[in-house]
Protein chains: 2
Amino acid sequence: MSVEAAAPTRPMRADARRNYEAIVRVASEAFAEHGTQTSLDDIASRAGVGPGTLYRHFPNRDCLLEASLVDSRHRLLALGERLLDADDADDALDEWMFALARHAGTWDGLADSIAQSLNNEKSPLGASCGAVITATRKLLERATALGSVTADASARELFIMAGSLAWAADRAARGEGSGTGEDELPRLLALLMRGLR
Amino acid sequence: MSVEAAAPTRPMRADARRNYEAIVRVASEAFAEHGTQTSLDDIASRAGVGPGTLYRHFPNRDCLLEASLVDSRHRLLALGERLLDADDADDALDEWMFALARHAGTWDGLADSIAQSLNNEKSPLGASCGAVITATRKLLERATALGSVTADASARELFIMAGSLAWAADRAARGEGSGTGEDELPRLLALLMRGLR
DNA sequence: ACCTGAACACCGTTCAAGT
DNA sequence: ACCTGAACACCGTTCAAGT
């Protein structure tokens, strides 16, 4: 199917693998702490490697984001599989959209990074979203077949809207009053799903 | 009302005013071309001033964004006044939300800059949003009194959601297929308003 | 009072030199 | 094959020196 030959990827050298994993681990912490725009230089030094090593493994920021998200996306897709077997297709779609928004809201700025990457042919982050959008389409079609979802919206739009809601909930939650901002994602999502039906 | 004494702002020196205006004019072009994260250094040189002059007039990026938006916001608020006199409070709210989203979508990244500034006490951009949120509240209350808007959402949330939709429409429009991405804002907004009712 | 531009700290990215 | 860290270009921000 693919044009490029399947690279006979030999196992990584032990020190290379050690560095790779250290970088991903540190990156996840840094993204969680300072958002997706945190300094790559800083990640490299915190991982105990030179900037060149980071760039050798991850040619750009999107590659590092992608690598740091594989586990989370794997869990997300597994949930999608399970939801396809759920009795209530409506509830399943709700739950999926919620999980999708949570995924996009993992780190500050992630929803933006993902949405930007969607239009970028070169980005591995954007490419990896394909499977997630496909899962969204299946769940959407099941709910549409039930007749409860009437508004026409594509799976790609739902995917973007999930990110948009994560974005909005994050912004709405901060500095609301004196207290800690509450989680508004469920309410905003309910608003959207009401509009779909 | 305000604690700080009203500064007896004397008129600007002619050359200072000339520079101020040149910077704002160039900034608007640059923001339109490269988004709100464009280089301030570049704006300064394009305006024919040193970086120090730009920072003297606009201590940070938000100040420059704010100055570049005053005209647009003035027009927006004028529309808000007119809509308060409209016959149909529902239509008025729709039209307001559309204008709000368009405003937030003026430049790439503006919705994000605005939302970030909302939680930042120091930002003049965030401060200036107060009047817009107040206008949103009045229009929302009018529509709520009519009984058509049932979901409870605060004016602040609607303000953020307008930005969120501008964000989503912008991301959804790009690179959709081969053709030029179409404007999805009206549809996404209709979805939200349906959910509110 | 205002402007200028050198200067500083920082960041992304590359690459020649090492092992 | 992989790593290192110096090096480059760039950007935001400050400030001493000018007018």
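So that the names make sense, note that chain A is the first sequence line, chain B the second, and so on, each numbered from 1.
- Look at CZ on B/R61: it is 11 Å from P on D/dC11, rounded to the nearest Å.
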Working for side-chain hydrogen bond (donor to acceptor under 3.5 Å, both in side chains), residues A/N19 and A/T53: CA-CA 8 Å; A/N19 283 335; A/T53 303; 5.3 Å; no
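- Between A/D88 and A/R142, no side-chain nitrogen of the basic residue sits less than 4.0 Å from a carboxylate oxygen of the acidic one, so the salt-bridge criterion is not met.
- A search for salt bridge (charged side-chain N to carboxylate O under 4.0 Å, His left out) contacts involving A/D91 returns nothing, not counting sequence neighbours.
- In terms of heavy atoms, A/A166 sits closest to A/L185 at N-CD1, 4.2 Å.
- Under 4.0 Å is where a charged nitrogen must lie from a carboxylate oxygen, and between B/K138 and B/E141 no such pair does.
- Atom P of nucleotide D/dC11 and atom CD1 of B/I43 are separated by 11 Å, given to the nearest angstrom.
- Contact check of residues 21-33 of chain A against DNA chain C (heavy atom, cut-off under 4.0 Å) returns no residues at all.
- Residues meeting the salt bridge (charged side-chain N to carboxylate O under 4.0 Å, His left out) test with A/E21, sequence neighbours left out: A/R17.
- Within residues 34-42 of chain A, the residues that place at least one heavy atom under 4.0 Å from DNA chain C are, in residue-number order, A/T38, A/S39, A/L40, A/D41.
- If you chain together hydrophobic residues whose side chains sit under 4.5 Å apart, B/L84 and B/L93 fall into the same group.
- In DNA chain D, runs of at least 3 consecutive Watson-Crick or G-U pairs, each pair with both distances below 3.5 Å, span C:4-8 with D:12-16, C:12-16 with D:4-8.
- Between A/D42 and A/R46 a salt bridge is recorded (basic side-chain N to carboxylate O distance below 4.0 Å).
- Taken to the nearest 0.5 Å, the CZ atom of B/F159 stands 12.5 Å off from the OG atom of B/S164.
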Decide yes or no on side-chain hydrogen bond (donor to acceptor under 3.5 Å, both in side chains) for B/S117 and B/D62, but give the supporting numbers first. CA-CA 8 Å; B/S117 74; B/D62 272 13; 4.7 Å; no
Could you go over nucleotides 2-9 of chain D and give all protein N or O partners under 3.5 Å, atom names and distances?
unit_1: D/dC3; atom_1: OP1; unit_2: A/N19; atom_2: ND2; d: 2.8
unit_1: D/dC3; atom_1: OP2; unit_2: A/H57; atom_2: NE2; d: 3.4
unit_1: D/dT4; atom_1: OP2; unit_2: A/T53; atom_2: OG1; d: 2.9
unit_1: D/dG5; atom_1: O6; unit_2: A/G52; atom_2: N; d: 3.4

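- Taken from CZ in A/R197 to CZ in B/R194, the straight-line distance is 11.0 Å, to the nearest 0.5 Å.
- Here CD1 of A/I43 is found 7.0 Å from CZ of A/R61. Values are rounded to the nearest 0.5 Å.
- In this structure, A/L64 atom CG and C/dG12 atom C1' are separated by 13 Å, rounded to whole Å.
- A salt bridge links B/R171 to B/D108: one of the charged nitrogens lies within less than 4.0 Å of a carboxylate oxygen.
- Here C/dG12 presents its P atom at 10 Å from CG of A/L54, a figure rounded to the nearest Å.
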